[in-house]
Each structure stands twice: as C-alpha cells, then as structure tokens.
Amino acid sequence: NYLKELELKNKLNMLDEVESSLMDLVNTSNEGYISERGELERWVGGVDKNSITKTIKSGVKKTRKKLETELNETEQSKEDN
C-alpha cells in the first residue's frame with residue numbers, strides 16, 4: 001500500500017507539472033520567432049487560447065479527481081488495517 005500511495009502522489013505532482021507546462025505553452029506569445037538565419041518570422045493565424053485552456057483544465061480536473069479518489073481509497077484501506 002505504501003508504494004501505491006507513493007506512486008499516486010507522484011502522479012499528482014507530475015500532473016501539476018504537466019498542467020503548468022501546457023498552460024505556459026498556451027500563454028506563450030505567438031507574435032513571431034527568430035529563424036536560424038537570424039530573421040524575425042511572423043506567424044499567421046493562431047490558436048483559440050480559451051478553448052485550449054478549457055480542454056486542459058477539464059482533462060486535468062478529471063484526472064486529478066480520479067487519482068485523488070484512488071489515493072483516498074488507498075489511505076482508507078491502510079487505516080482499516
């Protein structure tokens with residue numbers, strides 16, 4: 001049970017890191033970048049930041065709830081023993 005609990009806590013930490021990284025990517029400016037030749041390249045188009053943010057938050061919330069439920073069950077079974 002200890003290993004299962006540790007694994008679930010690690011998964012929750014990784015989920016937080018992944019969420020943070022994805023949100024950083026979403027919020028990164030897409031005004032342009034410097035090419036290998038040193039020229040400023042402009043991007044045309046873009047992404048729907050609101051939609052992507054909503055999708056990320058929804059997926060993270062669902063996954064976090066599942067992991068927390070498993071963790072609570074593991075902790076509860078530990079207390080019962």
Side-chain angles (χ1 to χ4, degrees):
N1 279 346
Y2 172 75
L3 292 177
K4 175 89 172 164
E5 185 177 337
L6 185 62
E7 179 183 356
L8 290 168
K9 287 180 180 179
N10 285 338
K11 285 181 179 181
L12 283 167
N13 285 334
M14 287 190 321
L15 181 63
D16 290 340
E17 290 176 19
V18 168
E19 178 185 22
S20 177
S21 295
L22 289 173
M23 294 310 299
D24 285 346
L25 285 172
V26 168
N27 293 315
T28 299
S29 169
N30 67 348
E31 293 177 3
Y33 65 97
I34 304 298
S35 71
E36 291 176 358
R37 296 187 312 200
E39 299 171 351
L40 179 61
E41 300 284 335
R42 298 274 182 207
W43 293 344
V44 178
V47 295
D48 183 353
K49 289 184 179 183
N50 291 332
S51 174
I52 292 174
T53 298
K54 185 177 177 182
T55 301
I56 291 169
K57 294 287 186 183
S58 173
V60 166
K61 182 178 178 180
K62 180 179 175 182
T63 304
R64 182 176 286 116
K65 184 175 180 178
K66 178 181 180 242
L67 291 172
E68 287 174 345
T69 299
E70 287 182 47
L71 182 60
N72 289 336
E73 290 171 356
T74 302
E75 289 173 346
Q76 185 64 36
S77 70
K78 188 168 85 174
E79 290 174 7
D80 291 343
N81 291 331

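The shown structure was predicted, so the numbers you read here are calculated from the model rather than taken from an experiment.
- Of all the heavy atoms in Val26 and Ile56, the pair that sits closest is CG2-CD1, 3.7 Å.
- The CG atom of Leu71 sits 5.5 Å away from the CD atom of Glu5 when rounded to the nearest 0.5 Å.
- A distance of 12.0 Å separates NZ in Lys62 from CG in Leu67, rounded to the nearest 0.5 Å.
- A side-chain donor-acceptor contact under 3.5 Å links Ser21 to the backbone of Glu17.
- Atom CG in Leu22 sits 11.0 Å away from atom OG1 in Thr55 (nearest 0.5 Å).
- Note on Met23 and Val18: same hydrophobic cluster, where clusters join Ile, Leu, Val, Met, Phe, Trp and Tyr whose side-chain heavy atoms are under 4.5 Å apart, directly or indirectly.
- The minimum heavy-atom distance linking Thr74 with Lys4 is given by the pair OG1-CG, 3.7 Å.
- In this structure, Leu15 and Glu19 have side chains that are not in contact, with every pair of non-hydrogen atoms separated by 4.5 Å or more.
- Residues Lys11 and Glu7 are in side-chain contact: their nearest non-hydrogen atoms beyond the backbone lie under 4.5 Å apart.
- With rounding to the nearest 0.5 angstrom, the CD atom of Glu68 is 11.0 Å from the OG1 atom of Thr63.
- Note that the CG atom of Leu8 and the CG atom of Asn13 stand 11.5 Å from one another [nearest 0.5 Å].
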